[in-house]
2 protein chains.
Amino acid sequence: MPENRRNATRERILDTAETLFMAQGYEGTSMRQITGQAQVNLAAVNYHFGSKEELLQEVFRRRLKWLNDERLRVLDALEAEAGGHALKPSQIVDAFFGTLLRMAGDRKHGGPVFLRLLGRTLTEPSEFIRTFLADEYREVMERFKSALFKALPDVPRVEIVWRFHFMLGATSYAIAGTDTLRLVTDWHLDAAEADGGPERLLPRLMTFLLGGLRAPLPAGTGPGLP
Amino acid sequence: MPENRRNATRERILDTAETLFMAQGYEGTSMRQITGQAQVNLAAVNYHFGSKEELLQEVFRRRLKWLNDERLRVLDALEAEAGGHALKPSQIVDAFFGTLLRMAGDRKHGGPVFLRLLGRTLTEPSEFIRTFLADEYREVMERFKSALFKALPDVPRVEIVWRFHFMLGATSYAIAGTDTLRLVTDWHLDAAEADGGPERLLPRLMTFLLGGLRAPLPAGTGPGLP
DNA sequence: GTCTATATCATGATAGAC
DNA sequence: GTCTATCATGATATAGAC
């Protein structure tokens with residue numbers, strides 16, 4: 001069973017790398033750590049993926065493919081149901097960010113480990129990571145921006161794009177994990193409240209995001225782009 | 001002038017390290033890069049700071065000291081002016097996040113370089129960084145949370161803390177730089193619009209943050225903690 | 001296909017001359 | 001205080017045996 005063993009080794013490397021990159025970052029994780037913990041040979045990474053950079057890309061690709069396909073599937077279903085009418089902003093935001101957060105409960109697709117990795121990687125400085133992520137996200141971004149433009153025809157497009165950006169930031173930070181949350185909590189929240197899992201986080205985040213997305217325009221903001 | 005030279009070397013190392021950590025991250029930056037670009041000897045970092053970790057901490061300390069003192073100074077002034085009355089949420093949010101963003105125009109205190117570094121570091125996985133930042137932020141966090149609790153007496157404290165967390169995330173991501181912004185833009189915004197500098201960013205961000213902070217409570221949210 | 005062994009180089013840190 | 005020289009370690013990647 002060479003095919004099975006090949007896949008088993010590949011998947012074990014990917015799973016281990018995902019966990020280590022999440023906990024220590026890309027630069028902070030060595031191939032010796034990955035192969036040691038995955039109990040495969042040091043040369044296996046180069047054999048299966050070519051390089052450490054390509055390993056990282058594959059770690060993201062197998063999860064993002066599923067996530068973004070799912071996002072598009074949900075958006076397609078909503079738009080089909082609406083039959084040409086504009087969607088509600090809350091539907092669009094849930095299709096994008098709700099689908100992401102619900103991944104946390106789905107261990108088959110990475111679960112909380114991948115979510116934290118993704119949140120932490122979005123601000124990673126390495127050029128090749130940002131280029132790669134921008135490519136992976138391009139299609140889904142265009143679809144969701146279009147949906148928001150249609151749902152909010154009176155809001156200048158430039159404002160919608162900025163607010164999408166702010167929503168991404170709030171969400172990334174939230175899924176980057178409870179350790180960073182020590183900055184804010186540490187104090188009035190016990191661990192049970194602070195670490196309530198996705199089912200507590202999602203409604204709170206959605207409320208915040210929609211409040212920001214639908215906030216009245218600030219004074220002095222020009223009209224939309226042509 | 002041994003004292004002057006000592007300070008000049010120290011400051012040059014700190015400035016160079018700040019820029020490189022911003023562009024490449026902590027793990028991705030070597031002491032050889034830092035000392036080479038700062039045109040000081042390789043041993044100078046260990047002599048002046050002891051280790052690479054302590055260098056990073058000093059890079060942050062000199063900026064965060066000024067930033068957080070300034071935040072507290074603004075908050076003190078607002079509270080003195082209010083004379084015992086609760087502040088408006090917008091005043092508190094501006095004292096915290098506005099003071100941060102206005103640092104971007106102040107090259108004497110790091111300017112945009114430090115802002116991007118800070119935004120990128122808040123999701124950094126290294127344990128010692130997170131512990132260090134949590135310590136540096138503790139006092140200012142407690143003061144601002146208290147001010148928000150007082151300004152929003154009808155909102156459960158746990159909700160305020162969560163929303164503070166979301167605001168931090170949106171802001172971190174926004175100041176982490178326009179490169180990451182390619183994820184969202186790349187498309188309908190020309191560079192001039194997307195990269196409008198802090199004077200464009202601040203009102204947009206404030207509107208978003210306040211919209212999220214003051215959003216109506218979601219259904220099913222329990223009462224505040226005792 | 002998988003692994004051993006190794007090539008080649010960069011890293012953070014330090015000892016000791018000046 | 002600053003520099004040179006060097007240490008010990010760990011990094012990614014690969015050549016070649018099996």
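Proteins come first, then strands; the chains are lettered A, B, ... in the order of their sequence lines, and each starts at number 1.
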Counting only side-chain heavy atoms from C-beta out, which of D/dC3, D/dT2, D/dA13 sits nearest to A/Asn46? D/dA13
Per atom distances to the B/Thr9 side chain, the nearest of D/dT2, C/dT14, C/dT2 is D/dT2
Does D/dG1 have OP1 or OP2 sitting under 4.0 Å from an N or O in the side chain of B/Asn41? no
Nearest whole Å is fine: how far is C/dT11 P from B/Leu42 CG? 10 Å
Residues in salt bridge (charged side-chain N to carboxylate O under 4.0 Å, His left out) contact with A/Glu27, at least two apart in sequence or another chain: none
Who are the salt bridge (charged side-chain N to carboxylate O under 4.0 Å, His left out) partners of A/Arg12, not counting sequence neighbours? none
Take atom CD of B/Glu139 as the centre, draw a 6.0 Å sphere, and report whether it contains more than 12 heavy atoms from other residues, nucleotides or ligands. no
OP1 or OP2 of C/dG1 sitting under 4.0 Å from any side-chain N/O of A/His48? no
What is the distance, to the nearest angstrom, from the CZ atom on B/Phe49 to the P atom on D/dT2? 12 Å
Figure out the CZ/C1' separation between B/Arg12 and D/dT2, and round it to whole Å. 13 Å
Picking from D/dA13, C/dG12, D/dT2, which would you name as closest to the side chain of B/Lys52? C/dG12
Spacing between B/Gln39 atom CD and D/dC3 atom P, to the nearest angstrom: 11 Å
Could you go step by step and tell me if A/Arg73 and A/Asp69 meet the salt bridge (Lys or Arg N to Asp or Glu O under 4.0 Å) rule? CA-CA 6 Å; A/Arg73 195 187 62 74; A/Asp69 283 354; over 6 Å; no
Please write out the pairs of protein N or O atoms and N or O atoms of nucleotides 15-18 of chain D separated by less than 3.5 Å, giving the distance to one decimal.
none

Below 4.0 angstrom, which residues in residues 24-37 of chain A have at least one non-hydrogen atom near DNA chain C? none
Knowing that exactly one of B/Leu213, B/Leu148, B/Leu78 qualifies, which makes a side-chain contact (heavy atoms from CB on, under 4.5 Å) with B/Ile92? B/Leu148
Under the salt bridge (Lys or Arg N to Asp or Glu O under 4.0 Å) definition, can you give me all pairs with a residue in residues 13-24 of chain A, not counting sequence neighbours? A/Asp15-A/Arg62, A/Asp15-A/Arg63, A/Glu18-A/Arg62, A/Glu18-A/Arg63
Sequence neighbours excluded, which residues qualify as salt bridge (charged side-chain N to carboxylate O under 4.0 Å, His left out) partners of A/Glu58? A/Arg10, A/Arg61
Do you know which two heavy atoms are closest between A/Ala38 and A/Thr16, and how far apart they sit? CB-OG1, 3.3 Å
Say you draw a straight line from CG of A/Leu101 to CE of A/Met103; how long is it, rounded to the nearest 0.5 Å? 10.5 Å
